[in-house]
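Worksheet for the structure shown next.
Only heavy atoms go into these numbers, but all of them, side chains included; no hydrogens, no water, no symmetry mates. Atoms within each ligand, like the ligands themselves, are counted from 1 in listed order.
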Amino acid sequence: KTSWLAKLKGGLAKTGQSLGSLFVGVRVDEDLFEELETALIMADAGVEATEQLMSALRARVKRDRIEDADAVRQALKDVLADHLKILEKPFDVGHVKPLVVMITGVNGAGKTTSIGKLANALQQRGAKVLLAAGDTFRAAAREQLVEWGNRNNVSVVAQDGGDPAAVAFDSVHAGRARGMDIVMIDTAGRLPTQLHLMDELKKIRRVIAKADPTAPHEVLLVVDGNSGQNVLSQIRSFDAAVGLTGLIVTKLDGTAKGGTLAAVAAGSQGTRPVPVYWIGVGEKMEDLQPFVAADFAAALVG
Ligand code: GDP
């Protein structure tokens, strides 16, 4: 646990004005609050969340008569953990079989990497996992997934070229026929502005429901933690198109923008606070971790 927390902490501390450093050898006065406010904005928490956090922090400092900077640091951790709690939700696999999971996101967000990590983690817990190479757009993406499946003993449904919706449909049927616990359907990367591709995503979702009217049970958006406030518009667009049930936030080992999750939790800019199931803190298999608000807050504040 310590090692991934350290990676998260290392990444989040990359901001020039790391939150933790603000508390060293200072008095608790208006200057400190102003610097904290600036640091939260710099970490991409956005104006709404920053205001909410600062007013909660001020109230707590007053209530508890806090006079020591280190106690303010602890109070900020607590306030942030409370604020982020709304995003915490365990990823529940056993309630339906097979659990059908559709995975979406823009190019380069970390979809394929996260699917590999997730498949591995679930398989280690004893689940039978089937992957669907729904990115029929790039042959390389399909090959990458097939090869990954071979190496890790995970079955992959793939088709040469063809229709991603058909691949998705086949995989749900295959998942049921083969008694799989989980079917994870990869989709090609796309931007919210590419409307025809967003329509294609809606179609994939509709066709999945033809194979199983209760599916997809989970629709995940993979977002790059470095995207900052851009994450909000991605959530809004994908949510409007296919109804998101959860997020995977990647690359938190190398970003100074960890505050973005505070903006998501605040429902900034009309974004629904979609739960964060997993966070990515590196490129290795074990670098996908469940999101825990208190741990994240502790790592961000330092
Ligand atoms: P896709 O286009 O969404 O499928 O993105 P990929 O899965 O191919 O990932 C794009 C790049 O990001 C690759 O070089 C990955 O190794 C890298 N990547 C993915 N997740 C993480 C993460 O949590 N941390 C770091 N440092 N790199 C990551």
Quiz item: More than 12 non-hydrogen atoms from neighbouring residues, nucleotides or ligands closer than 6.0 Å to CZ on Arg63, yes or no?
Solution: yes
Quiz item: Can you tell me if CZ on Phe33 sees more than 12 non-hydrogen neighbours from other groups inside 6.0 Å?
Solution: yes
Exercise. May I ask you to say whether Asp287 pairs ionically with Lys284, meaning some side-chain N is under 4.0 Å from a carboxylate O?
Key: no
Exercise. Answer with yes or no whether the side chains of Asp70 and Gln74 bring together a donor and an acceptor at under 3.5 Å.
Key: no
Quiz prompt | Exam field: side chain Thr50 to backbone Gly46, donor-acceptor pair closer than 3.5 Å | solution = yes
Practice problem: Let me know which protein residues bring a heavy atom to under 4.0 Å of ligand 1; chain then number is fine for ordering. | Solution: Val106, Asn107, Gly108, Ala109, Gly110, Lys111, Thr112, Thr113, Lys117, Thr250, Lys251, Asp253, Gly280, Val281, Gly282, Glu283
Quiz item: Do NZ/NE/NH1/NH2 and the carboxylate oxygens of Lys202 and Asp199 come within less than 4.0 Å?
Solution: yes
